[in-house]
Amino acid sequence: MLNMRKWFYMVLMIALMGSMLTACALGGGGEAQTAEPATEDTKTNEIAEPASEGVIEAADMSLNPDLAKQRTDTVIVGLTAPKGVFNRLFRQTVYDDYVARSIFDSFLQVQKDGTYTENLADSVDVSDDGLKYTFHLKPGVTYSDATPVTVTDYAFVLRVLHDPSYDGEIDALAFNIAGGRDYFEGDAKDISGVKIIDDNTIEITVTEATAYTRDFLGDLPMMPESYYGKNYTKGNLDGIKALHNKPLGSGQYVLKSFSPGQEVVLEANPNYFKGAPKVKTVIFKTTTEGTSLSMLQTGETDMDNITVTEDNVEELSSLGFLNVHIMPTNGYGYIAFNHKEKKFQDPKVRQALTVGLNREEIVQGVYGPYANVLNIPQSTESWAYTDEGIETYSFDMEKAKQLLDEAGWKAGTDGIREKNGEKFKINFSATADNPVIDALLPIMTNNYKELGIDLTSETLDFNAIMDKKDTGNFDMFFAAWSLEPDPDTTVYITDGAQNDIGYSNTKVDELTLAAKKELDQEKRKDLYKQLYQELNKDLPVIFMYQRRDMWPINGRLSGFDISPFKDFEYSLYSMQIAQ
């Protein structure tokens with residue numbers, strides 16, 4: 001199904017850039033953002049081949065630190081601190097989602113090639129017209145507290161997503177479940193298109209088919225109504241939100257404890273339908289750019305997402321006891337504009353701020369050959385990626401100045417540009433301990449100073465920047481999107497569930513909807529080409545790069561089945577520790 005490159009062996013796509021991914025939703029706009037710590041020839045638009053992709057195998061396990069060898073039933077994963085929203089209906093960061101996906105399960109699960117296959121579902125029947133989806137739940141599945149899983153719980157999840165007070169990032173209404181909008185608007189007590197046949201069979205009818213409906217419906221988490229629905233009434237989600245850090249699911253692991261900013265401790269679910277995980281305890285331990293590598297060296301952690309630089313690759317490989325996995329990231333880094341601010345509403349200003357920023361120097365300075373400057377919001381791994389008709393926005397200070405002149409921003413006596421009495425000032429929100437920010441800020445400061453822009457910056461932790469994004473209290477910030485296998489997203493559509501920057505473009509809305517509805521993949525591909533050409537021209541954000549992920553994993557661990565599309569947490573149940 002997917003026209004993607006064949007990689008030798010690939011590992012997870014974590015925290016899309018070592019310091020800042022935020023979140024997206026589940027299927028149908030299922031990106032998630034992360035913290036990032038992404039190379040393309042910007043003159044020819046030809047993607048440069050990375051120096052290395054695949055796995056550099058551990059050469060000498062006798063060098064494995066005693067601290068790691070002493071852990072015979074525990075694996076420690078280094079991770080940027082989760083926020084504690086361990087509910088897949090509400091999570092905003094990829095780090096929360098790593099935890100949530102370890103705890104919850106769904107009818108379908110993504111595979112290494114980005115397609116979806118049966119998981120909790122025995123089978124899925126789809127009508128010829130694509131309007132009816134019948135999910136058959138495997139018999140005997142239970143939650144971690146041993147209570148049975150039934151499709152009634154799935155119907156409950158759909159009601160929550162259609163609740164008028166739902167404020168998460170999943171746009172269920174966009175999938176046109178019959179009666180869904182009536183329920184949302186308060187005109188119905190139930191969603192007419194959701195029909196429970198028996199405890200293990202549920203039928204979903206939609207009013208309009210899309211290419212992603214089956215996968216969207218199949219990827220929603222199974223959540224026990226008996227637990228999450230206790231204090232829930234339509235129009236009030238407080239009872240559900242109160243359980244964000246007390247999750248109950250049917251997945252591989254159970255939450256034992258959560259210490260904000262420190263660690264998440266998971267214990268194997270003995271009732272897991274695929275069999276109890278072989279590793280009893282998994283700990284997600286908070287690491288930073290300054291601590292992650294040293295904690296791997298000493299054996300304090302078993303795996304982590306380390307910024308992929310030539311020096312780091314060399315150092316990690318030389319340790320001898322790590323399998324160093326390097327693969328393309330299914331995502332991209334970007335710099336956001338607040339489109340509610342008038343100065344950012346002019347596309348010439350956005351173009352000027354892009355062409356007036358030396359992105360190539362920034363990306364090369366951080367990642368060397370392990371990243372590509374990117375000019376559209378799509379990974380080169382996707383079948384929807386295109387470079388046809390795409391402007392590369394090569395660094396050109398004179399062009400940037402000309403664009404700002406044309407936009408009416410003229411240099412004042414102090415050298416700072418102004419328009420209608422307003423000085424061109426930008427407050428840039430940056431993540432601490434982030435190599436991308438370390439490279440970006442001095443270059444951005446110098447470039448924008450030459451452009452006649454007064455740039456100030458504030459350094460915050462990742463979750464604080466996500467809070468500013470949520471409240472709209474920002475000018476510009478750096479982040480990264482972790483992408484789903486399907487290119488459908490709500491990030492750039494008007495009032496989209498994931499559109500937190502206030503961007504609006506009628507043509508983008510129309511092309512996104514058309515691509516969503518089109519069932520023929522080749523026709524979809526053409527629609528996405530048009531969409532990316534429009535986004536490339538209008539620049540809702542400064543597209544920065546697609547990088548490679550690097551996951552060093554202690555050589556005593558095995559059993560992973562991971563790729564740019566399939567993250568590591570899906571494989572926790574099959575992970576083993578060599579004795």
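Atoms considered below: every heavy atom in the structure, side chains included; atoms not considered: hydrogens, waters and symmetry mates. Residue numbers run from 1 in the order of the sequence given.
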Validation row: [X], [Y] side chains within 4.5 angstrom (heavy atoms):
X	Y	answer
Tyr98	Leu572	no
Val110	Pro485	yes
Lys469	Phe477	yes
Asn499	Ile501	yes
Arg359	Asn375	yes
Val264	Pro82	yes
Met295	Asp304	no
Ile577	Thr72	no

With no hydrogens and no angle check, is any side-chain donor or acceptor of [X] less than 3.5 Å from a backbone partner on [Y]?
X	Y	value
Lys278	Ser574	no
Asn473	Lys468	no
Thr287	Ser292	no
Thr329	Gly331	no
Asp153	Met222	no
Asn554	Leu557	no
Asn64	Phe321	no
Arg101	Gly251	no
Thr298	Ser294	yes
Ser318	Glu315	yes

To the nearest 0.5 Å, what is the distance between [atom1] ([X]) and [atom2] ([Y])?
X	Y	atom1	atom2	answer
Asp167	Leu237	CG	CG	6.5 Å
Leu108	Thr115	CG	OG1	10.5 Å
Leu293	Ile306	CG	CD1	5.0 Å
Thr117	Asp215	OG1	CG	10.5 Å
Asp567	Phe560	CG	CZ	12.0 Å
Leu374	Tyr332	CG	OH	9.0 Å

Would Asp311 and Thr309 count as a side chain to side chain donor-acceptor pair (under 3.5 Å) if you check the C-alpha gap in whole Å, the side-chain angles of each, and the deciding distance to 0.1 Å?
CA-CA 5 Å; Asp311 288 344; Thr309 66; 5.5 Å; no

Worked check of salt bridge (charged side-chain N to carboxylate O under 4.0 Å, His left out) between Lys241 and Asp238
CA-CA 5 Å; Lys241 292 181 177 181; Asp238 291 347; 5.5 Å; no

Out of Val85, Thr80, Asn463, which residue meets the side chain to side chain contact (heavy atoms under 4.5 Å, CB included) rule with Tyr95?
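With Tyr95 as partner, Val85, Thr80, Asn463 yield a single side chain to side chain contact (heavy atoms under 4.5 Å, CB included), made by Thr80.
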
So the ring-ring contact (aromatic ring centres under 6.0 Å, His included) pairs with at least one residue in residues 292-313 (sequence neighbours excluded) are none

With no hydrogens and no angle check, just 3.5 Å: does a side-chain donor-acceptor pair link [X] and [Y]?
X	Y	answer
Glu225	Thr152	no
Gln498	Thr490	yes
Asp561	Ser571	no
Arg548	Asn372	yes
Asp145	Tyr227	no
Asn87	Tyr228	no
Thr286	Gln262	no

Taking the six-membered ring for Trp and the full ring for Phe, Tyr or His, determine whether the centres of [X] and [Y] are under 6.0 Å apart.
X	Y	value
Phe86	Phe258	yes
Phe90	Tyr166	yes
Tyr573	Tyr272	yes

Would Ser259 and Glu263 count as a side chain to side chain donor-acceptor pair (under 3.5 Å) here? Give the steps.
CA-CA 5 Å; Ser259 302; Glu263 65 180 22; 5.0 Å; no

Determine the interplanar angle of the Phe135 and Tyr154 rings, folded into 0 to 90°, and report it as parallel if under 30°, tilted if 30 to 60°, perpendicular if over 60°.
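If you compare the ring of Phe135 with that of Tyr154, the planes turn out tilted.
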
Could Asp105 and Lys274 be called an ion pair, given the rule that one side-chain N must be under 4.0 Å from one carboxylate O?
no

Please give me the minimum heavy-atom distance between [X] and [Y], naming the atom from each residue.
X	Y	result
Pro552	Leu296	CG-CD1, 3.7 Å
Gly84	Asp96	N-OD1, 3.0 Å
Leu89	Leu161	CD2-CD2, 4.0 Å
Arg71	Leu67	NH1-O, 3.4 Å
Ala497	Glu169	CB-O, 3.5 Å
Asp302	Thr74	OD2-O, 4.0 Å

Assess whether atom NZ of Lys138 is packed by more than 12 heavy atoms of other residues, nucleotides or ligands within 6.0 Å.
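Counting neighbours around NZ of Lys138, more than 12 heavy atoms of other residues, nucleotides or ligands fall under 6.0 Å, so yes.
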
Stepwise, does the side-chain contact (heavy atoms from CB on, under 4.5 Å) test hold for Asn305 with Phe568?
CA-CA 11 Å; Asn305 180 221; Phe568 75 100; over 6 Å; no

May I have the step-by-step check of side chain to side chain donor-acceptor pair (under 3.5 Å) for Gln252 and Glu569, ending in yes or no?
CA-CA 9 Å; Gln252 309 159 83; Glu569 72 275 14; over 6 Å; no

What's the verdict on side-chain contact (heavy atoms from CB on, under 4.5 Å) for Leu266 and Leu255, showing C-alpha distance, side-chain angles and the deciding distance?
CA-CA 5 Å; Leu266 303 175; Leu255 180 68; 3.9 Å; yes

Would Met550 and Tyr370 satisfy side-chain contact (heavy atoms from CB on, under 4.5 Å), going step by step from the backbone distance to the final call?
CA-CA 10 Å; Met550 179 167 66; Tyr370 295 101; over 6 Å; no

Show the numbers, then the answer: is there a side-chain contact (heavy atoms from CB on, under 4.5 Å) between Val282 and Ser102?
CA-CA 10 Å; Val282 172; Ser102 305; over 6 Å; no

